**Q** 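Supplied in structure tokens, the structure appears directly below.
A quick note: this is a predicted structure, and the numbers were derived from the prediction, not measured.
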Amino acid sequence: MKQIRIGSVSIPLDSYVVGGTALLGIRESGKTYAAKGIAEQLLDYKIPIVVFDAIGVWRHLKVARPSAGGRGFKIVIAGGESADLPLTPASAPAIVRAAIAENIPLVIDLYDPKLSKADWRRIVQHCFRTLLYENKGLRHIFLEETAEYAPQKVIDGETYAEVEKLVRMGGNKSLGITLINQRAQEVNKAVLDLCENLVLMRQRGAHAIEALEKWIDKLEPDIAKTIAAEMPRMEQGDAWVFSGSAEAAKRTHTAHILSYHPDRRKPQTKVTAPERMADTADFVSKLAGELKTLTEAAAANDPVALKRRIAELERRPATVQYQASPINTDAMQKEAYQDGYKVGWNDCRQEADTIRVELIGGLHAAIDKAGDLRIALEKQPPQPRNGIMRAPVVPRHGTGIVTRVKAPAGANGGDRIPEGEAKILAALIQYPAGLGRDQITVIAGYKKSTRDAYIARLRDRGYVAVAADGIQVTEDGRDAMPDAQPLPTGDELQAFWMNRLPEGEAKVLAVLIGAYPDAVTRDVVTDRAGYKKSTRDAYLARLSAKELVDSPAPGEVRAAAALFS
């Protein structure tokens with residue numbers, strides 16, 4: 001059986017190629033060296049690779065190591081110092097598409113002064129989407145500095161979504177991926193948890209080791225402390241390997257690679273002797289044929305060439321007359337009208353979709369309220385009073401929780417505290433360490449504008465202290481309500497909201513409470529609550545406005561933590 005070897009650990013080739021692997025280790029631990037060793041084996045097995053290299057070392061795959069037995073590999077480099085092809089955010093997807101068509105291994109070298117980190121993310125985003133939807137045949141991806149694209153705290157949601165989607169679904173398109181990063185806590189856990197294989201190399205930071213120990217404890221509880229203790233002292237190339245095909249983790253040392261790898265501790269020497277370089281001219285010519293117009297466009301827009309052309313034009317005599325080409329204004333006007341019509345049509349359609357969602361959500365809310373009113377009328381028909389027929393108060397099926405706070409007299413027998421302010425003050429007395437505004441909304445049940453008005457009045461009275469990180473009760477505030485009744489918490493707080501919300505919102509919130517502390521996708525909410533997409537989104541929007549749900553990642557929702565305090 002064909003195997004991928006990481007030191008003395010073997011992983012079946014067919015499993016590794018289309019699977020997910022996380023390779024983690026600090027600088028000079030040997031993680032990129034180990035990843036290049038895996039890449040060399042894949043190339044020997046005729047498995048094409050695509051490398052997204054933000055550190056500028058993968059281009060040396062073409063160069064044999066100086067010692068005996070070294071060998072370079074046939075691979076095309078796009079971008080960077082030794083580019084076979086020019087690279088821009090616009091050209092990258094076309095280059096990947098051409099590599100797929102010709103079944104050629106490729107390094108996307110992002111280590112280029114002309115590319116910003118925003119350019120890196122655009123390139124990864126569009127190339128990952130191209131790979132996921134257009135790939136043909138087995139292919140493996142290597143992603144250096146994974147935290148730039150899938151960080152624990154998501155900043156660029158679109159790039160994160162494409163990376164997460166490929167890691168999760170890539171196997172369906174014969175794609176696998178190796179994620180390479182220094183520290184585990186920098187990479188989004190939702191992405192790391194999708195990896196079947198884990199390669200851990202040297203770590204020194206206390207937070208990094210603590211995070212890894214907690215993670216390993218779930219995989220191999222018997223050796224979690226051993227691995228955590230060994231990680232700071234591991235030599236370059238040492239690794240603990242957790243393989244989905246093995247019963248237990250194993251410590252090993254990675255083997256020497258065949259291609260050249262620069263040593264950051266020594267002055268870098270360029271290895272450019274032709275006999276040390278793999279001949280990739282045929283590969284480059286195939287891709288260049290696919291990308292001829294792209295290459296011409298890149299040359300035409302080369303900054304150096306453009307500056308030279310501008311300088312040449314500036315040196316021309318001012319007397320030179322230029323003949324303007326005739327302009328077909330009718331055609332231009334027609335084209336502009338058609339473009340404007342398309343833009344206007346799309347804007348109107350999006351606005352109509354938004355209004356439709358809001359109308360459907362409002363209709364469902366009205367239906368819920370009408371149903372409650374009908375039930376109440378059946379149980380308690382309205383009675384005439386002083387000759388006027390009055391509608392009854394609609395009861396919610398309660399839990400015995402007191403949701404109203406008696407408005408007490410002010411401190412030292414002063415003015416009574418209005419009920420709304422009293423309820424918020426009671427909540428803050430109940431939580432002397434302070435509460436965030438969203439927590440107050442959930443616990444006291446007031447919408448944002450009402451809540452903020454009450455907090456402002458309490459502050460003016462000197463009953464609360466307002467800071468950037470929350471609201472705290474003062475001594476005067478405690479003295480003003482010495483007999484404050486506690487508001488519902490935990491299960492009682494959840495029950496309070498479940499009995500207060502309309503049926504649709506309550507049903508959606510019940511799904512999220514049941515899944516807490518985990519977040520779920522909107523599609524999971526649809527499956528469990530039974531509402532179609534537009535209705536589901538309307539209910540989630542209303543729950544979000546009440547600060548009962550939050551969104552920890554794009555496309556995911558979770559019950560607010562305040563419901564469980």
**Q** Report yes if the side chains of Leu61 and Val63 come closer than 4.5 Å at any heavy-atom pair, otherwise no.
**A** no
**Q** Should the pair Asp282-Lys74 be classified as a salt bridge under the 4.0 Å nitrogen-to-oxygen rule?
**A** yes
**Q** Please confirm whether the backbone N or O of Ser8 pairs with a side-chain atom of Thr252, one donor and one acceptor, at under 3.5 Å?
**A** yes
**Q** Can you tell me how far apart CD1 (Ile100) and NZ (Lys136) are? Round to the nearest 0.5 Å.
**A** 7.0 Å
**Q** How about Lys2: does its NZ atom have over 12 heavy atoms from other parts shown lying under 6.0 Å from it?
**A** no
**Q** Is there a side-chain contact between Ile75 and Arg59, using heavy atoms and a 4.5 Å cut-off?
**A** no
**Q** Do Asn188 and Tyr160 meet the criterion of a side-chain donor-acceptor pair at a distance under 3.5 Å?
**A** yes
**Q** Do the side chain of Asn181 and the main chain of Ala147 share a donor and acceptor less than 3.5 angstrom apart?
**A** yes
**Q** Should Val17 and Leu42 be marked as a side-chain contact (heavy atoms from CB on, under 4.5 Å) after you check the CA-CA gap, both sets of side-chain angles, and the distance that decides it?
**A** CA-CA 8 Å; Val17 172; Leu42 291 171; 3.7 Å; yes
**Q** Under 3.5 Å, is there a donor-acceptor pair linking the side chains of Asp537 and Ser534?
**A** no
**Q** Of all heavy-atom pairs between Leu132 and Gly170, which one has the smallest distance, and what is that distance?
**A** CD1-CA, 4.0 Å
**Q** Nearest 0.5 Å, please: how far is CG in Leu540 from OG in Ser551?
**A** 9.5 Å
**Q** Assess whether side-chain contact (heavy atoms from CB on, under 4.5 Å) is satisfied between Leu87 and Lys114, documenting all intermediate values.
**A** CA-CA 10 Å; Leu87 177 69; Lys114 294 190 292 293; over 6 Å; no
**Q** Verify side-chain contact (heavy atoms from CB on, under 4.5 Å) between Asp238 and Arg202, making sure each step is shown before the conclusion.
**A** CA-CA 7 Å; Asp238 288 346; Arg202 182 169 62 233; over 6 Å; no
**Q** Identify the heavy atoms of Tyr133 and Lys165 that sit nearest to each other, and give their distance.
**A** OH-NZ, 3.3 Å
**Q** Can you tell me how far apart CZ (Phe52) and OG1 (Thr146) are? Round to the nearest 0.5 Å.
**A** 11.5 Å
**Q** Indicate the ring-plane relationship of Phe142 and Trp58, choosing parallel, tilted or perpendicular according to the 30° and 60° boundaries.
**A** tilted
**Q** Between OG1 of Thr130 and CG of Leu166, what distance do you get to the nearest 0.5 Å?
**A** 11.0 Å
**Q** For atom CZ of Arg168, is the number of surrounding heavy atoms from other residues, nucleotides or ligands below 6.0 Å larger than 12?
**A** yes
**Q** So, the side chain of Thr159 versus the backbone of Asp156: is there a donor-acceptor pair under 3.5 Å, distance only?
**A** no
**Q** Does a side chain donor of either Lys36 or Tyr260 reach within less than 3.5 Å of an acceptor in the other side chain?
**A** no
**Q** Against Asn197, only a single residue in Ile11, Leu23, Val241, Ile6 fulfils side chain to side chain contact (heavy atoms under 4.5 Å, CB included); can you say which?
**A** Ile11
**Q** Please check this pair: side chain of Arg183 against backbone of Gly25, looking for a donor-acceptor N/O pair closer than 3.5 Å.
**A** no
**Q** Taking everything shown except Lys117 itself, do over 12 heavy atoms lie less than 6.0 Å from its NZ?
**A** no
**Q** Can you find a pair of side-chain heavy atoms, one from Arg251 and one from Glu230, that are under 4.5 Å apart?
**A** yes
**Q** Is a side-chain N or O of Asp550 found less than 3.5 angstrom from the main chain of Ala560, in a donor-acceptor match?
**A** no
**Q** Output yes when a side-chain donor or acceptor of Arg204 lies under 3.5 Å from a complementary backbone atom of Pro232, and no otherwise.
**A** yes
**Q** Closest heavy-atom contact between Gly157 and Pro554?
**A** CA-CG, 3.9 Å
**Q** In the structure I gave you, are the side-chain heavy atoms of Arg71 and Phe73 within less than 4.5 Å of one another anywhere?
**A** yes
**Q** Under 3.5 Å, is there a donor-acceptor pair linking the side chains of Ser259 and Glu40?
**A** yes
**Q** Counting only heavy atoms not in Arg437 (residues, nucleotides, ligands), do more than 12 fall under 6.0 Å from its CZ?
**A** yes
**Q** Only one of Val9, Ile216, Thr21, Val199 passes side chain to side chain contact (heavy atoms under 4.5 Å, CB included) with Phe242; say which it is.
**A** Ile216
**Q** For Asp109 and Glu81, work out which heavy atoms get closest and say how close.
**A** OD2-N, 4.2 Å
**Q** Using modelled atom types only, decide if a donor and an acceptor are shared between the side chain of Asp84 and the backbone of Ile77 within a distance under 3.5 Å.
**A** yes
**Q** Minimum heavy-atom separation for Ala22 and Leu192, please, with both atom names.
**A** CB-CD2, 3.7 Å
**Q** Looking only at heavy atoms, which two atoms of Lys189 and Gln152 are closest? And how far apart?
**A** N-OE1, 3.0 Å
**Q** Would a distance-only check, ignoring hydrogens and angles, find a side-chain to backbone donor-acceptor pair under 3.5 Å from Gln41 to Ile4?
**A** no
**Q** Tell me whether Thr254 contacts the main-chain N or O of Gly7 through its side chain, where contact means a donor paired with an acceptor under 3.5 Å.
**A** no
**Q** Enter the distance from Ser10:OG to Met1:CE here, rounded to the nearest 0.5 Å.
**A** 10.5 Å
**Q** Is there a donor-acceptor pair closer than 3.5 Å between any side-chain N or O of Gln494 and the backbone N or O of Leu563?
**A** yes
**Q** Would a 4.5 Å heavy-atom cut-off, applied to side chains only, mark Met201 and Ile26 as touching?
**A** no
**Q** Dump the intermediate steps for side-chain contact (heavy atoms from CB on, under 4.5 Å) on Tyr539 and Leu509, then the final yes or no.
**A** CA-CA 9 Å; Tyr539 288 149; Leu509 184 59; over 6 Å; no
**Q** Is it true that, when you exclude Tyr45 itself, more than 12 heavy atoms of the residues, nucleotides or ligands shown sit nearer than 6.0 Å to its OH?
**A** yes
**Q** Just how far is it from atom CD of Gln236 to atom CD of Glu28, taken to the nearest 0.5 Å?
**A** 6.5 Å
**Q** For residues Pro12 and Gln3, determine if any side-chain heavy atom of one lies less than 4.5 Å from a side-chain heavy atom of the other.
**A** yes
**Q** Is the NZ or CZ atom of Lys507 positioned over Tyr531's six-membered ring, under 6.0 angstrom from the centre and within 45° of the axis?
**A** yes
**Q** Thinking salt bridges, do Asp527 and Arg536 make one under a 4.0 Å N-O criterion?
**A** no
**Q** Are the side chains of Ile141 and Thr178 in contact, using a 4.5 Å heavy-atom criterion?
**A** no
**Q** Any side-chain donor paired with an acceptor under 3.5 Å for Thr32 and Glu144?
**A** yes
**Q** Could you point out which residue of Arg129, Arg97, Arg139 forms a salt bridge (Lys or Arg N to Asp or Glu O under 4.0 Å) with Glu134?
**A** Arg97
**Q** Tell me whether Glu220 at atom CD has more than 12 heavy atoms from other residues, nucleotides or ligands lying less than 6.0 Å away.
**A** yes
**Q** Find out whether Tyr149 and Arg121 are in side-chain contact, i.e. whether some heavy atom of one side chain is under 4.5 Å from a heavy atom of the other.
**A** yes
